[in-house]
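Residue indices begin at 1 and follow the sequence shown. When a ligand or atom number is given, it counts from 1 through the structure's own listing order.
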Amino acid sequence: MNPYTLVFGKEPAQMISRHMQTAEIIDTFNSDNPSQQVYIITGVRGAGKTVLMTDVARRLQKNDIWITVELNPERDMLETLVSKLSSNHTLAKLFQSAKINLSLFGFGLEVSGEAPVSDLEIALGKMLESLKKHGKRLLIMVDEAMNSKAMKTFIHSFQILVRQDLPVFLLMTGLYDNIDNLQNEKSLTFLYRAPKIVLRPLNIGTIAANYKKNLPVTESEALKMAKMTKGYSFAFQVLGYFCWQQGSLNDAVMEDYRQYLEEYVYEKIWTELSQNDRKIVFGIANCSTGKISEIRSFLKMETNQFNPYRKRLIRKGIINGEEYGYVFFTLPLFEKFVLENYFEASVTTNPGPMRS
Ligand SMILES: Nc1ncnc2c1ncn2[C@@H]1O[C@H](COP(=O)(O)OP(=O)(O)OP(=O)(O)O)[C@@H](O)[C@H]1O
Ligand SMILES: [Mg+2]
């Protein structure tokens, strides 16, 4: 069976560890006096946000003080949480012995009328107090968080629970724009300073060693392949997958690799960029040196015009700006894709505001 996977959001069999980032979250959440009860994992599509979140939860669960629940940001989150907790057999017993009457929250419940949210909040507070007494901690996971109504209501209650010193922890993932939007929501000041884990490329040496171990390639081919992925998680799986399938590193593998990246991720990333972002990205794709001064002169832009775009593209995880005066794409073969897909917006497609 092919050791590599093309599936998103599931822990892959071949996994390159993110030791530092995993440890940061786990050590903080496990400490006696946690300095943080929230972490936000962000990064470009296919960077491995969902996989990291799942991995952290799995590691925490090895210690049975942890109870983990995943919530959908588009549904009533408090209600789901209360119902998930009370339907857990072991927990239900704890709540019963603590004399928490949850009958109101059964099916066909009569909480209409007054403020049901605050009731849910109180129920949750009592549940968490009872968990605290038994030395347990609750980890709530939210994949692909965004500034939805359900999310805002939930975060609001969450911050109250944290203030009450209850053992509740939140691990979220999200694309830069969605997270930024949520963090800048005025009613959620508490999230504003929540620490972010920004996903960086996977270690190239570890990728090379993984390829060497699993594929019929030489050591130098394995290293060449690892460099070709630029450490981008999805690319690591795709290149490994096609090389294993075809039994050697050949042109057909490269062609499948490029096409798969484009169809499964780059097209999606592209549709999520504004026309201005695309123009900047096109400028970057045109200058193989990565030198900002060259890119700017190609685009006919001043530094102060270019900088905001540069920063945003870095935060989205599309370019890397670690080297002073330069920017580079973080995604393999992305420049080729951009050069082939960029079309200048014609005046007719964007007529601007109508005048009467
Ligand atoms: N640490 C890792 N080692 C190896 N492969 C990984 C790792 N993390 C993720 N992957 C692979 O990368 C791909 C994308 O992972 P994942 O679904 O976690 O991305 P994501 O950031 O959640 O993307 P999206 O924003 O689209 O939800 C999957 O094929 C997964 O198997
Ligand atoms: Mg995901």
**OP:** Give a yes or no on whether the ring-centroid distance for Tyr39 and Phe169 is below 6.0 angstrom.
**Re:** no
Subject >> side-chain contact (heavy atoms from CB on, under 4.5 Å) against Gln61, all qualifying residues, sequence neighbours excluded >> reply: Thr68
**OP:** Would you kindly confirm whether Val69 and Phe158 end up in one hydrophobic cluster when ILVMFWY residues are joined by side chain heavy atoms under 4.5 Å apart?
**Re:** yes
Original post:
Which ligand 1 atoms are under 4.0 Å away from a heavy-atom of Leu202?
Top reply: 1 (N), 3 (N)
**OP:** Report the part of Asp143 (side chain from C-beta onward, or backbone N, CA, C, O) that has a heavy atom under 4.0 Å from ligand 1; answer both or neither where that applies.
**Re:** neither
Subject >> Those atoms of ligand 1 less than 4.0 Å from some heavy atom in Phe236 >> reply: 4 (C), 5 (N)
Original post:
Does ligand 1 have any atom that is closer than 4.0 Å to a heavy atom of Gly43?
Top reply: no
Subject >> contact_flag Glu144 ligand 1 heavy-atom lt 4.0 Å >> reply: yes
**OP:** Please state whether Gln14 comes within less than 4.0 angstrom of ligand 1, counting heavy atoms only.
**Re:** yes
**OP:** Compute the centroid of each ring, for Tyr241 and then for Tyr4, and state whether the two points are separated by less than 6.0 Å.
**Re:** no
**OP:** State yes or no: are the ring centers of Phe234 and Phe8 separated by less than 6.0 Å?
**Re:** yes
Subject >> Check: Phe236 ring centroid to Tyr211 ring centroid under 6.0 Å >> reply: yes
Subject >> Within-cut-off N or O pair, Val51 and ligand 1, under 3.5 Å >> reply: yes
Subject >> Atoms of ligand 1, numbered as shown, that sit under 4.0 Å from any heavy atom of Val7 >> reply: 28 (C), 29 (O), 31 (O)
**OP:** Quick one: give me the number of protein N/O/S atoms under 2.8 Å from the Mg ion (ligand 2).
**Re:** 1
**OP:** Check each of Tyr4, Phe234, Tyr264, Tyr232 against atom 13 (C) of ligand 1 and report the one with the nearest heavy atom.
**Re:** Phe234
